[in-house]
Undergrad: 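Quick one: the structure is below, questions incoming.
Index from 1, following the sequence. All values derive from a computational prediction rather than experimental measurement. Scope of the values below: all heavy atoms of this structure, side chains included, with no hydrogens, waters or symmetry mates. Remember, it's 1-based here, ligands and their atoms both numbered in the order they're listed.
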Amino acid sequence: MTRPLIIAPSLLAADFARLGEEVAAIEAAGADWLHLDIMDGHFVPNISFGPAVVKALRKHCSLPFDVHLMIAPADPYLAAFAEAGADLISLHPEAGPHLHRSLQTIRALGKKAGVVLNPGTPASVLAPVMDLLDLVLVMTVNPGFGGQSFLHSQLPKIAEIRRMIDASGRDIHLQIDGGVTAATAPLCVEAGADTLVAGTAVFGKPDYAAAIAALRQPSGMVA
Ligand code: DX5
Ligand code: ZN
């Protein structure tokens, strides 16, 4: 059985002076989800935006909001992002201190839950929390900035996690984030990804619909 590849443009590369227009435009251009990168200047060396911005954007976009937390600690802010309109909340195990508890909290808030693996984080951290997951996000850059180069070294880990997900029998998305372009997207899909995040490769292009279509090549479907 095949299903459509999910494209989640990252707002980090949008024009921050026109965010409402940007999210409306990306929905009109055929995006499937909106990826929102939350950075605190502590867990990662960059600051982006918080729940007030997420809440304000909810009125301008009906796509699922895929919130990627790069903040530590994350637990004190989970309810705020849920109330702001997140549909899915992902966090890094290193944000600590209790990954299992954080995932339980996200689910108790009625939201989908994801774990994000940095390039230096092994797939083995997933095994004890597999039953709480709706998504695994594999970073193909170190988190903190858009526009970095795709780390091909992560492709075997993507394939390893695809095997873990299939063995679990659970419906868990496998998402890739960092350096995803029309050139690297097929490598991600071939390794087993079903959801692609792209910032620069979408918001950095003049024609968002064409940019999203380019990421869906060749077939736009995943196994
Ligand atoms: C990086 C963020 C990414 C970033 C991707 O820490 O998690 O979502 O926006 O940007 P590109 O697609 O430009 O690599
Ligand atoms: Zn991200």
Undergrad: So, do W33 and I6 sit near enough that their side-chain heavy atoms are less than 4.5 Å apart?
TA: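 In short, these two side chains touch, coming nearer than 4.5 Å.
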Undergrad: I'd like to know whether CD of E190 has more than 12 heavy-atom contacts from other residues, nucleotides or ligands below 6.0 angstrom.
TA: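 Not more than 12 within 6.0 Å, no.
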Undergrad: Under the ring pair (Phe, Tyr, Trp, His ring centres under 6.0 Å) rule, collect the residues that match up with F43, sequence neighbours excluded.
TA: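 Here the qualifying residues are H92.
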Undergrad: Between E21 and R18, is there a side-chain N and carboxylate O pair less than 4.0 Å apart?
TA: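 Between R18 and E21 there is a salt bridge, with a charged N closer than 4.0 Å to a carboxylate O.
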Undergrad: Do the charged groups of K112 and D171 touch, with an N to O distance under 4.0 Å?
TA: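 Looking at D171 together with K112, the answer is no, because their closest N to O distance does not fall below 4.0 Å.
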Undergrad: Answer yes or no: is there an ion pair linking D131 with R107, defined by an N-O contact shorter than 4.0 Å?
TA: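 Not counted as a salt bridge, because no side-chain N and carboxylate O are separated by less than 4.0 Å.
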Undergrad: Using distance alone, with no hydrogens and no angle criterion, decide if Q175 and D194 have a side-chain donor and acceptor under 3.5 Å apart.
TA: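 Q175 vs D194: no donor-acceptor pair found between side chains.
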Undergrad: Could you tell me which residues satisfy ring pair (Phe, Tyr, Trp, His ring centres under 6.0 Å) with F145, sequence neighbours excluded, listed by chain and number?
TA: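 Not a single residue meets the ring pair (Phe, Tyr, Trp, His ring centres under 6.0 Å) criterion with F145.
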Undergrad: For the Zn ion (ligand 2), report each protein N, O or S atom nearer than 2.8 Å, sorted by chain and then by residue number.
TA: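 Sorted hits: H35 NE2, D37 OD1, H68 ND1, D177 OD2.
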Undergrad: Under a 3.5 Å cutoff, is there a donor and acceptor pairing between the side chains of D134 and H173?
TA: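 H173 and D134 do not have a side-chain donor-acceptor pair below 3.5 Å.
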Undergrad: Near ligand 1, which residues have a heavy atom under 4.0 Å away from one of its atoms?
TA: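 Ligand 1 pocket, heavy atoms under 4.0 Å: S10, L12, H35, D37, M39, H68, M70, M139, P143, G144, F145, G146, G147, D177, G178, G179, V197, A198, G199, T200.
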